[in-house]
2 protein chains.
Amino acid sequence: MVTIQEVAKRAGVSVATVSRVINNRSKVKEKTRNRVEQAIDELNYEPSVLGRNLRNSESRLLLVLIPSISNPFYTEIINGIEDTSIKEGYNILLCETDSNPKREAIYFNLVRNRMADGIILMDPTINRKNVLELATNHPIVQCSEFDKEGNISYVSIDNELAAYQAVKHLIKIGKKRIAFINSDEKFLYARERRAGYEKAFREFNIAVEKKRIYNINQLNFESGQQAMRTLLNQEEKPDAVFAVSDVLAIGALKEIHANGLKVPDDIAIIGFDKISFSNMTHPTLTTVSQPMYRMGCISASMLINKIKGEEVESMLLEHELVIREST
Amino acid sequence: MVTIQEVAKRAGVSVATVSRVINNRSKVKEKTRNRVEQAIDELNYEPSVLGRNLRNSESRLLLVLIPSISNPFYTEIINGIEDTSIKEGYNILLCETDSNPKREAIYFNLVRNRMADGIILMDPTINRKNVLELATNHPIVQCSEFDKEGNISYVSIDNELAAYQAVKHLIKIGKKRIAFINSDEKFLYARERRAGYEKAFREFNIAVEKKRIYNINQLNFESGQQAMRTLLNQEEKPDAVFAVSDVLAIGALKEIHANGLKVPDDIAIIGFDKISFSNMTHPTLTTVSQPMYRMGCISASMLINKIKGEEVESMLLEHELVIREST
DNA sequence: CCTCTATATGTAATCGATTACAATAAAATA
DNA sequence: TATTTTATTGTAATCGATTACATATAGAGG
């Protein structure tokens, strides 16, 4: 590996001057600068991030923690994070945690060790103590999922309102027996959306029936199918389904078709997230769109501001009910 | 941040002794070891990866470069990489390059700088010189995409054979006017699959018509729809489509339905990759399954072996034609 | 031509770990 | 007890950068 010493030697200057040329903090004579730049070119020199970080405690790397990359919901958010970070001179590293506290701890340590400057957390809060402790000493922002009590900054949407509007829409088109396919309620969004679901019921004086609520623990197509299968086996079949994710809704749709039922006439469906696939199904899926790209952008710039020592404020962004063929 | 000096001071020993306790390389007296461990506990000390790496040139971090995380093809591979790496004591960091040489260069530099120990490349080879140069000094393996001429180890499948078998299957069920929706031919797999497509045609004495081949440059549903729209506007409509990716095939399927045509009777479709979604469409999609998880596992252990200085050999894994309703 | 600034460059300490080598203490042997 | 051997521990150099401070050089003003 080429070091700064070798460059200095070749250019006939001291290491300090080379460093000054690289970081152009203080003035260097035009002629010297040229000599140094030539030496850098000739030797193909790249400053060692390690050496630099050790001195500066700065890596210009951001960690993005997601439970699972296979959920398309995250991809747009990540695009937003990436675009913003790069513009600000930061690079991002994606870390998949599988919601596993051990994995999470490894990545937290990268920040403690100054290998990364900050974290964007999209995990549900499992080990609150750990997160809060890290947050006292290091820049963290939460995106999508967050901790209502803690004082870690976050970007998210009003999940309760979104769910309330979705269910209200189903009621308005004449549906009464509205099933709810929800995630594990360790996720804040799952608890909030359930609250919205129940709120809509209360408003129209419909009783909430426990048997119509189905919690899954993996966000994939098969879970959606499985959930729908169970719901269809009940004596009084639902006439609508609100799924907490498009992926689940699409699985449910498949199962409804497999039973020879029609969407939306027999059963209407609403999903959540507006993943690109939700427009490819037949019929196309009514869904709640979150401003995922913007959420990504905002969380990245919040984090970078925090790293710079500025105060940042949490935000709730606007969502939108996208009505398509499935309702 | 707690440093090794503070631990040493509290335990009343030298930093060398603390380091020895942490890495237990040489013997430390039981009593001293206990004192040091107690101090580590009390201060909540975590060794700085930076300091350690600077000395050892080892980070136990692997970089995984992918063109785009939104392509579900990569998710299973990544799961394989992740599981294997963790078992071997390495952590992985995902880097999205958008096939952009500048982004790639940034991540290559992390390896040159010893911030990461090696790279698994899933990008197409754009800047060959750069990759080959990096490979001379640093551990790299290629996964899925690779460079036939270079001597970088790789794991992949026989794309030509797979495409040949897929097209042969279409011919055997009586299709004659088989369209081909292909990626940009900067990708090796695109060139190889085209070769397979043409080979099948030659074998059955069918002329390859240029107008039936459509190259897209973005792997998303819309590209598939767009491609199919163009193909359906031709005077002699195709009676089958071979798409180089399930995502494209699903877009094409949507467009075929929009035109009131039936699958597979009017037009049969074959995709590639067997993404989980390919089983959710109506009709379900015939596709070529690649052993993605295994590819991930193997590429990770190849890389780790390379880091350890061992010789590794490239591999081509088995694929499988999965016949479902769309053909 | 000399003095005084302003500018440009060099020297050496520093970041937090590891480790070769030196030094000390403890144990074994004569 | 004196001497040798062995087991522990300490000292200080090192990795590759940055930067406060010291020094040298150039330019301005008289």
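In what follows, chains carry the letters A, B, and so on, assigned in the order in which the sequence lines appear, proteins first and then strands, with residues in each chain numbered from 1. All figures in this text were calculated on a predicted structure; none of them were measured in a lab.
- At least one side-chain nitrogen or oxygen of A:Thr17 sits closer than 4.0 Å to the OP1 or OP2 atom of C:dG10.
- Judged by distance alone, the side chains of A:Glu76 and A:Asn79 do bring a donor and an acceptor atom under 3.5 Å apart.
- B:Arg128 meets the salt bridge (charged side-chain N to carboxylate O under 4.0 Å, His left out) test with B:Asp147; sequence neighbours excluded.
- Between C:dT18 and B:Asn23, a contact under 4.0 Å exists linking OP1 or OP2 to a side-chain N or O.
- B:Glu133 and B:Asn130 share no side-chain donor-acceptor pair at under 3.5 Å.
- If you find the closest nucleotide of DNA chain D to B:Ser14 and to A:Val2, the one lying nearer the 5' end belongs to B:Ser14.
- In this structure, CD1 of B:Ile22 is placed 13 Å from C1' of C:dT19, rounded to the nearest angstrom.
- In this structure, the NZ atom of B:Lys9 is 14 Å from the P atom of C:dG16, given to the nearest Å.
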Donor-acceptor pairs under 3.5 angstrom involving side-chain atoms of residues 148-157 of chain B: please list them, not counting sequence neighbours.
from     : atom 1 : to       : atom 2 : distance (Å)
B:Lys148 : NZ     : B:Glu192 : OE2    : 3.3
B:Ser153 : OG     : B:Lys306 : NZ     : 2.8
B:Ser156 : OG     : B:Ser144 : O      : 2.8

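- In terms of phosphate contacts, B:Thr32 brings a side-chain nitrogen or oxygen within less than 4.0 Å of OP1 or OP2 of D:dT9.
- Summarising the geometry, the separation between CZ on A:Arg55 and C1' on D:dT19 is reported as 6 Å, rounded to the nearest angstrom.
- Separating the CD atom of A:Glu30 from the C1' atom of C:dT7 is a distance of 15 Å, rounded to the nearest angstrom.
- The nearest heavy atom of DNA chain D to A:Lys29 and to A:Gln5 marks one nucleotide each, and the one closer to the 5' end goes with A:Gln5.
- Here D:dG10 presents its P atom at 8 Å from CZ of B:Arg35, a figure rounded to the nearest Å.
- For the pair A:Ile4 CD1 and C:dT14 P, the computed distance is 19 Å after rounding to whole Å.
- Remark: A:Ser19 is in phosphate contact with D:dT18, judged by side-chain N or O atoms under 4.0 Å from OP1 or OP2.
- Spacing between atom NZ of B:Lys31 and atom P of C:dA25 amounts to 15 Å, rounded to whole angstrom units.
- A:Glu46 comes within 4.0 angstrom of sugar-phosphate atoms only, judged by non-hydrogen atoms across all strands, and of no base.
- The closest donor-acceptor contact from the side chain of B:Glu310 to the backbone of B:Asn305 lies at 3.5 Å or more, if one exists at all.
- Under 3.5 Å, the side chain of B:Arg20 and the base of D:dG10 form at least one donor-acceptor pair of N or O atoms.
- The side chain of A:Val15 has C:dA12 as its nearest neighbour among C:dA12, C:dT9, C:dG16.
- When the P atom of D:dT8 is taken as reference, atom CG of B:Asn24 falls 14 Å away, rounded to whole Å.
- A donor N or O paired with an acceptor N or O is not found under 3.5 Å between the base of C:dT18 and the side-chain atoms of B:Arg52.
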